[in-house]
There are 6 protein chains.
Amino acid sequence: MAERRKTDTKAMTQPRYTGIPTFMRVPLAGEDWSGIDIGLIGVPYDGGVTNRAGARHGPREIRNQSSFMRTIHHVTRVNPYDLVSVADLGDVLFTKLLQHPGALDEIETVFAKIKGHGITPLTAGGDHTISLPILRALAKDRPVGMIHIDAHTDTWQMFQGSKFSHGSPFRNATEEGLLDPKRVIQIGIRGAQTTADGWDFSQKSGMRVVFMEEFAEIGVDAVIQEARRVVGDGPVYLSFDVDGLDPIYTPGTGTPEIGGITTLEAQKLLRGLRNLDYVGADVVEVAPPFDPTGNTALVAATLMYEILCLLAERIDSRR
Amino acid sequence: MAERRKTDTKAMTQPRYTGIPTFMRVPLAGEDWSGIDIGLIGVPYDGGVTNRAGARHGPREIRNQSSFMRTIHHVTRVNPYDLVSVADLGDVLFTKLLQHPGALDEIETVFAKIKGHGITPLTAGGDHTISLPILRALAKDRPVGMIHIDAHTDTWQMFQGSKFSHGSPFRNATEEGLLDPKRVIQIGIRGAQTTADGWDFSQKSGMRVVFMEEFAEIGVDAVIQEARRVVGDGPVYLSFDVDGLDPIYTPGTGTPEIGGITTLEAQKLLRGLRNLDYVGADVVEVAPPFDPTGNTALVAATLMYEILCLLAERIDSRR
Amino acid sequence: MAERRKTDTKAMTQPRYTGIPTFMRVPLAGEDWSGIDIGLIGVPYDGGVTNRAGARHGPREIRNQSSFMRTIHHVTRVNPYDLVSVADLGDVLFTKLLQHPGALDEIETVFAKIKGHGITPLTAGGDHTISLPILRALAKDRPVGMIHIDAHTDTWQMFQGSKFSHGSPFRNATEEGLLDPKRVIQIGIRGAQTTADGWDFSQKSGMRVVFMEEFAEIGVDAVIQEARRVVGDGPVYLSFDVDGLDPIYTPGTGTPEIGGITTLEAQKLLRGLRNLDYVGADVVEVAPPFDPTGNTALVAATLMYEILCLLAERIDSRR
Amino acid sequence: MAERRKTDTKAMTQPRYTGIPTFMRVPLAGEDWSGIDIGLIGVPYDGGVTNRAGARHGPREIRNQSSFMRTIHHVTRVNPYDLVSVADLGDVLFTKLLQHPGALDEIETVFAKIKGHGITPLTAGGDHTISLPILRALAKDRPVGMIHIDAHTDTWQMFQGSKFSHGSPFRNATEEGLLDPKRVIQIGIRGAQTTADGWDFSQKSGMRVVFMEEFAEIGVDAVIQEARRVVGDGPVYLSFDVDGLDPIYTPGTGTPEIGGITTLEAQKLLRGLRNLDYVGADVVEVAPPFDPTGNTALVAATLMYEILCLLAERIDSRR
Amino acid sequence: MAERRKTDTKAMTQPRYTGIPTFMRVPLAGEDWSGIDIGLIGVPYDGGVTNRAGARHGPREIRNQSSFMRTIHHVTRVNPYDLVSVADLGDVLFTKLLQHPGALDEIETVFAKIKGHGITPLTAGGDHTISLPILRALAKDRPVGMIHIDAHTDTWQMFQGSKFSHGSPFRNATEEGLLDPKRVIQIGIRGAQTTADGWDFSQKSGMRVVFMEEFAEIGVDAVIQEARRVVGDGPVYLSFDVDGLDPIYTPGTGTPEIGGITTLEAQKLLRGLRNLDYVGADVVEVAPPFDPTGNTALVAATLMYEILCLLAERIDSRR
Amino acid sequence: MAERRKTDTKAMTQPRYTGIPTFMRVPLAGEDWSGIDIGLIGVPYDGGVTNRAGARHGPREIRNQSSFMRTIHHVTRVNPYDLVSVADLGDVLFTKLLQHPGALDEIETVFAKIKGHGITPLTAGGDHTISLPILRALAKDRPVGMIHIDAHTDTWQMFQGSKFSHGSPFRNATEEGLLDPKRVIQIGIRGAQTTADGWDFSQKSGMRVVFMEEFAEIGVDAVIQEARRVVGDGPVYLSFDVDGLDPIYTPGTGTPEIGGITTLEAQKLLRGLRNLDYVGADVVEVAPPFDPTGNTALVAATLMYEILCLLAERIDSRR
Ligand SMILES: [Mn+2]
Ligand SMILES: [Mn+2]
Ligand SMILES: [Mn+2]
Ligand SMILES: [Mn+2]
Ligand SMILES: [Mn+2]
Ligand SMILES: [Mn+2]
Ligand SMILES: [Mn+2]
Ligand SMILES: [Mn+2]
Ligand SMILES: [Mn+2]
Ligand SMILES: [Mn+2]
Ligand SMILES: [Mn+2]
Ligand SMILES: [Mn+2]
């Protein structure tokens with residue numbers, strides 16, 4: 001294994017409006033990806049949305065707001081940059097954006113390269129469609145479990161002539177053998193639908209679906225226990241669709257549903273998920289054109305920081 | 001009784017940014033109102049506001065955002081369109097907008113016609129003044145009970161030379177014998193006032209006033225039980241002023257008061273009010289000029305969907 | 001020929017915030033398209049954009065703002081509804097939105113049907129990609145001329161793996177024999193490019209390109225004369241990309257370029273183009289998510305009204 | 001005549017975000033109105049609008065933005081505070097806001113009092129309806145001429161059951177003998193209408209109507225000469241509806257019309273109107289809820305400053 | 001002691017968009033500060049911010065939104081204006097704004113004068129830097145306790161070459177002997193930091209630090225008890241940084257941290273702090289340029305009203 | 001002289017919402033500044049503003065919007081990247097932000113280093129105060145001429161206890177012998193002032209002041225001739241304050257003045273200033289918090305592109 005780089009955090013001590021906005025103000029990786037533990041990466045793609053586009057602008061604006069982030073976690077006192085080497089891998093570049101779903105192959109290729117370098121990816125979307133090619137790369141060898149926060153199960157069928165929309169990634173991933181549905185938990189589900197098809201697929205395939213009402217009823221602590229029970233010790237992917245939160249926190253998203261999770265609950269939830277065997281994670285569906293105050297991107301950046309701490313602790317503990 | 005129409009829900013399966021924005025994308029009724037169970041209707045009137053106008057734009061923007069709504073309720077699995085016939089009756093048209101309060105008569109006339117067709121109205125305001133002429137039509141024969149969510153009791157006296165403002169509809173309705181105050185519950189009341197007159201009227205007349213602090217103290221379940229106890233089995237009107245919610249959910253309103261109800265609480269509250277004897281309902285005080293993200297109208301549209309399910313179940317169960 | 005309908009303009013006398021927002025508040029056509037002279041239609045498609053999406057929301061918001069429009073033109077005193085029958089044909093509905101460029105075929109099919117009914121279409125986009133399938137329907141029999149207002153020539157080549165983007169419709173249309181480049185004028189062109197390829201194609205194929213600087217130099221009257229000279233007496237299509245205007249008028253667009261045309265100039269320009277042989281027209285690239293005041297859609301609606309007068313006069317004069 | 005007060009301009013040298021926002025940061029008059037030459041006054045009334053309300057918030061926001069104003073005019077080098085005494089008279093207070101048009105009497109009463117004190121009023125609206133009661137007070141003794149900048153002639157008839165809307169003040173004023181139509185010029189008129197009735201009234205009664213197209217054709221200098229010719233030496237009122245400007249300058253207004261006057265043209269126009277016999281002036285139709293940048297109010301405040309210079313010079317020259 | 005003035009509350013019964021926006025619409029004090037119990041004052045200074053400026057505009061916009069406030073508290077039924085005399089003292093005026101930290105001396109001078117008049121100040125900031133000079137005036141004679149709501153402890157060291165930033169006021173105040181750290185409680189603390197220095201200073205000096213997670217865990221009632229225990233019977237200052245609240249309530253602030261206190265919790269907290277020995281209070285860090293809906297200022301104004309009731313009760317009870 | 005680098009322009013061909021936003025998407029220079037002809041640099045400092053802060057955020061947002069820029073100029077067909085080597089030098093980093101005006105020394109130091117490398121700087125501000133330390137570095141050896149576009153002469157005296165505000169840089173620069181006032185032209189000046197002191201200083205010292213009214217009167221071509229005449233063949237600095245433009249183009253600025261220059265005029269003006277002996281240039285006063293659409297930053301980025309072409313041509317012609 002290549003020697004780990006030490007992350008340069010000097011930029012994080014400058015005023016937060018200064019300098020070039022990389023994710024968390026960590027260094028850009030450039031061409032050389034050796035020695036990186038965790039790669040922060042943007043996937044500016046929203047070719048699979050069913051309603052409002054704009055998540056293509058997500059990586060830029062999350063990078064911008066992520067300058068608010070700093071190093072030492074105020075609860076765990078973890079400083080992820082002390083534990084592991086973190087770099088901004090830039091954005092997935094496309095040459096086939098207008099060839100949906102062909103562009104998904106370009107995403108997969110990049111994540112296969114990331115995996116090849118032994119880097120754990122923490123991705124900023126983009127719409128939720130992108131989780132499928134990411135899983136195709138990361139779960140190529142064996143199915144993984146998943147903790148999935150979202151208002152929607154994303155296990156629906158065809159939309160407008162395509163199996164590949166942001167309503168379907170986890171149905172496809174299950175059918176392609178990338179996800180072990182018995183080790184999948186979906187949290188925060190809500191909102192009317194035109195058919196029950198997606199909800200039914202999740203439940204019939206064995207996923208644990210925590211509708212929003214159950215979430216409110218049993219509370220975060222119980223949801224944490226349930227999540228840990230479901231995913232167990234095996235490899236697990238974490239996928240956070242910001243529409244799982246209430247739209248007062250994340251108005252800048254394509255398909256908002258009222259009555260969602262609070263950020264304080266989400267932070268507590270994530271902090272309850274330490275030391276799982278993460279293979280990667282994403283925060284998706286940030287659509288800046290619908291986010292006049294920038295709070296959606298600030299929330300997403302803070303969630304990425306929380307997840308970064310989870311990934312760093314895990315990697316560090318395995319050394 | 002005329003044969004019930006089957007609601008055409010095909011438009012609800014199209015992308016939500018397409019097509020003509022009727023309420024919930026149900027068909028426009030046109031001239032023929034026969035065979036309709038539930039009429040969705042707009043009252044674009046804000047001639048009775050005491051502060052910021054703008055609720056005149058409410059029906060348009062609620063219609064616009066209501067395209068986010070779909071058919072099957074994710075908790076109850078009710079599909080209201082399977083149970084009853086629903087149509088968009090259009091807006092009340094006015095010829096005397098500048099003759100306040102004369103314009104209220106034009107509202108009453110339309111709702112008398114709705115009642116005459118055996119249609120249960122679900123109204124999008126408009127400011128809260130409109131509930132008075134609606135009750136004049138619907139409660140003409142006997143006083144009704146009411147579940148009233150609001151930051152304000154709306155039982156105040158004169159404002160700027162008129163008894164007919166959005167601060168007074170339920171005082172007038174009580175005095176006109178349209179409401180049975182013993183069967184009225186007001187939920188979410190808060191905010192300083194220059195006199196205690198309105199609060200006192202509500203309490204002296206026998207209304208059950210749940211101030212916000214009691215709401216937070218006893219919780220939604222207890223409020224539901226209290227509401228069911230108060231209104232009992234008799235006919236009941238449901239009136240939802242969106243300023244009952246915290247202004248983070250509904251900034252687009254004329255007289256916001258901080259420290260209000262959450263949407264999740266409101267949804268739970270409504271779902272606890274199934275199978276009451278509804279004569280109609282309204283969602284009022286959405287003022288789009290003060291709503292930069294559109295969330296206020298999205299909330300209002302979702303509340304209308306929740307209430308639609310209540311009305312549909314009730315009508316269906318009485319068949 | 002079927003008998004012409006009389007357009008019902010009653011809704012146009014109501015307050016502009018009331019009622020269902022069809023284009024200009026003309027009646028919805030429904031299933032029966034007979035007897036219509038001019039069809040106002042939305043194409044909510046932005047699958048061909050190279051930068052910011054959002055034009056999919058254009059038709060809805062233009063319809064909304066078009067309620068500001070009325071009947072009698074203050075300069076020409078033309079009332080188009082006295083001359084011809086106008087209807088809102090609704091939106092092109094898609095079943096293959098995620099199969100770009102296959103969705104373009106669905107657009108073409110609808111416009112072929114419009115042409116089949118002898119209706120002149122006036123379209124609200126949507127991104128500029130849609131002009132290609134529209135021309136495939138309207139210019140199927142013989143090439144047409146075109147008056148094209150835009151910051152960009154839209155005669156560029158491949159973008160991200162596709163010939164079919166909003167940067168290329170008129171190159172494709174020329175190559176497919178739908179446009180007679182000698183009878184095409186492009187007005188308002190400006191902004192840096194990475195290659196000169198599109199500018200060169202336009203000029204080499206014989207199109208008359210009026211760069212913004214020439215426009216400012218020679219003035220609107222001279223541009224009008226030039227446009228009339230270029231297109232002559234033959235059939236002509238009018239395509240108005242709102243990014244031809246300065247972004248202070250139309251910030252809500254995908255690829256703004258500063259230093260553009262004013263609305264007053266655009267209005268004068270259009271009024272100088274009376275009595276050409278129009279086969280149809282479009283106003284495209286309105287992206288409401290980038291339009292906080294709604295002015296972009298108001299401008300687009302007003303341009304549609306101006307163009308409606310041009311089309312109506314022409315049709316009436318040919319009777 | 002009472003001794004003139006010296007205006008305290010000290011607040012104008014403080015940073016513009018500090019202090020209590022009176023108009024121009026001149027002192028509040030309080031109860032004692034003696035010794036004041038020019039009274040800046042707000043009329044927070046929009047009970048006569050035909051479309052979007054919000055002008056009730058105009059005075060507050062114009063006051064707020066007027067803190068940008070300073071003392072010495074950069075073209076004329078006039079310092080109005082050196083010439084005359086200026087005070088903020090506060091807002092017209094109402095007791096009958098919901099008794100339209102009765103509330104107009106309350107406006108008239110205040111302006112009668114202003115006139116009684118020998119004060120020349122410079123008013124911030126409010127919608128254009130308020131110019132009628134202002135003229136009833138100021139032109140009680142003899143008809144006056146008027147320079148009227150607006151997109152609309154405001155000489156229309158009934159709206160929604162009332163003669164008293166912002167579409168009719170100058171028809172009423174003419175019929176009531178308050179305006180001498182031969183000495184009235186209307187500048188910037190444009191936009192489609194449902195009837196020609198208002199345009200016809202203006203022209204038949206003898207008003208000089210400068211449509212926007214003529215304005216652009218002949219230029220500001222010619223319009224100035226025409227205005228001076230029309231109003232001559234007699235008493236004249238100046239009424240500036242901010243929708244006369246293009247909505248890019250003043251989006252925050254109730255009935256915007258594209259293709260309007262620029263601020264630079266408006267400033268030149270006003271500077272061409274020195275030394276007329278002004279009896280008062282108003283700037284109306286600023287609707288802050290539709291003005292996200294505050295530029296509409298800044299424009300209105302700057303126009304008020306320009307007019308203040310006109311009034312001050314005139315008063316000073318008559319001493 | 002001078003005779004107490006009776007506060008004129010007449011303006012509070014007018015529509016809330018009318019009139020000159022003093023704090024709560026109480027009278028401006030002018031030159032004569034005798035007989036005033038509570039002075040509402042603005043400090044438009046943000047020269048100590050570490051990130052986004054804008055709090056200089058706080059006093060103006062809080063004044064503007066404070067017109068929403070009225071007299072009688074809906075929970076306690078206290079009318080502060082019945083108990084004490086309240087006036088708006090205007091803003092601190094500066095002559096050395098660009099001489100940071102010298103401008104702090106100008107603030108101190110004004111508060112020394114306030115103290116000299118026996119007035120209890122309730123201040124609208126400005127950034128949190130201003131609490132230091134306020135304490136220098138109010139705690140000159142003996143150290144005071146403090147209830148401090150904030151996301152940050154504000155006990156950090158140097159920032160960009162200065163000890164005097166909004167990250168350090170309470171470290172300086174402790175070191176200057178103005179605060180008794182054993183009688184200080186800090187509530188709502190959260191968010192990553194680059195060093196633990198500030199957290200450590202607070203805890204080592206003896207302050208009681210209630211991190212957000214503890215707040216959520218033990219609940220408001222327990223926090224109230226803890227606050228009362230910590231500050232005891234001695235003199236106490238209340239400092240409310242609006243970034244202690246979640247940014248959904250107060251997006252308009254310089255350094256937002258997600259996962260904060262709700263307004264309902266804050267209101268309950270304040271109502272649990274009656275009858276402490278207050279020497280003054282402030283509400284700081286409202287930055288209107290980042291507050292598109294105005295809700296941040298509305299929240300701040302409402303918090304000021306709640307605190308006003310606390311101060312008034314205390315003063316009244318001591319008479 | 002070091003060998004010139006070839007600018008890598010590959011990123012400019014990617015979709016404009018992707019990737020890390022450096023200025024114009026040119027490479028970041030990093031530590032090695034050799035071989036660079038033109039350095040794009042940000043100065044995120046607004047410690048000298050007299051009114052609204054926010055220009056500290058200018059460099060970030062201009063970088064963000066500058067991704068809209070491309071390579072080949074559509075009028076001149078110049079591709080600056082073919083002529084010279086261009087790099088993003090990052091932002092000036094500060095250690096003394098709160099020690100105004102000491103922080104200006106840190107700016108000067110960086111520009112001295114830039115000059116030492118033979119790099120021509122093109123700067124994005126920041127407020128206009130920064131032009132003084134830039135000139136201290138660039139004009140250290142001999143006074144330079146200046147083309148200055150602005151609403152204000154910026155030759156005023158003390159503000160709030162400091163000679164060093166954005167109202168004074170060019171008075172200080174003149175007094176320090178950095179500017180040759182006879183070779184300075186100020187264009188677009190307007191707006192009332194409390195004293196005539198600044199205007200007088202400019203004129204008395206020999207600067208050519210083109211007030212806005214003269215600009216409109218004589219037209220851009222004449223202004224170009226005048227500018228070329230004034231600055232002649234000697235070294236010249238170009239300083240563009242975006243408030244020189246009308247606030248409809250650049251609302252996001254600290255001290256807007258209505259009635260300004262259009263972008264089309266500004267572009268024409270700049271294109272008339274080819275082949276002067278530029279020593280550097282800046283675009284200042286972009287304050288993103290006041291720029292809801294982003295147009296101000298887009299304008300600034302486009303102006304920077306125009307100026308980049310000027311600088312590149314000049315450097316290339318001197319080789
Ligand atoms: Mn999802
Ligand atoms: Mn989702
Ligand atoms: Mn209410
Ligand atoms: Mn109400
Ligand atoms: Mn185009
Ligand atoms: Mn274009
Ligand atoms: Mn008018
Ligand atoms: Mn008008
Ligand atoms: Mn603080
Ligand atoms: Mn803080
Ligand atoms: Mn300047
Ligand atoms: Mn300037």
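Side chains included, hydrogens not; waters and symmetry mates left out as well; all remaining heavy atoms used. Just so we're on the same page: letters track the sequence lines, and every chain starts at 1.
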Between C/Ala216 and chain F, which part of the residue has a heavy atom less than 4.5 Å away: side chain, backbone, both or neither? side chain
Could you tell me which of F/Arg271, F/Gln14, F/Met12 has the largest number of non-hydrogen atom pairs under 4.5 Å with chain C? F/Arg271
With the threshold set at 4.0 Å, does a side-chain nitrogen-carboxylate oxygen contact exist between C/Arg171 and C/Asp197? yes
Under a 3.5 Å threshold, yes or no: a donor from one side chain and an acceptor from the other, between C/Asp243 and C/His152? yes
Parallel, tilted or perpendicular: which describes the rings of C/Trp199 and C/Phe211, with under 30° parallel and over 60° perpendicular? perpendicular
Specify whether F/His73 and F/Tyr305 have parallel, tilted or perpendicular ring planes, treating 30° as the upper limit for parallel and 60° as the lower limit for perpendicular. parallel
Pick one of side chain, backbone, both or neither for F/Glu265, based on which atoms fall under 4.5 Å of a heavy atom in chain C. neither
Check whether C/Glu213 gets within reach of chain F through its side chain, its backbone, both or neither, counting any heavy atom under 4.5 Å. side chain
So which part of F/Tyr81 gets closer than 4.5 Å to some heavy atom of chain C, the side chain, the backbone, both or neither? neither
Identify which part of F/Val75 has an atom lying under 4.5 Å from any heavy atom of chain C, answering side chain, backbone, both or neither. side chain
At a heavy-atom distance under 4.5 Å, which candidate from F/Ile72, F/Leu264, F/Val299, F/Thr71 has the highest pair count against chain C? F/Ile72
When only pairs under 4.5 Å are counted, which of C/Thr255, C/Thr293, C/Ile248 shares the most heavy-atom pairs with chain F? C/Ile248
Within 45° of the six-membered ring axis of F/Tyr17 and under 6.0 Å from that ring's centre, is NZ or CZ of C/Arg52 located there? no
Near C/Glu217 CD, under 6.0 Å, is it more than 12 heavy atoms from other residues, nucleotides or ligands? no
So which part of C/Glu214 gets closer than 4.5 Å to some heavy atom of chain F, the side chain, the backbone, both or neither? neither
Part of C/Asp246 lying under 4.5 Å from any heavy atom of chain F: side chain
Less than 3.5 Å apart, any donor N or O on the side chain of C/Ser131 or C/Asp282 sitting next to an acceptor on the other? yes
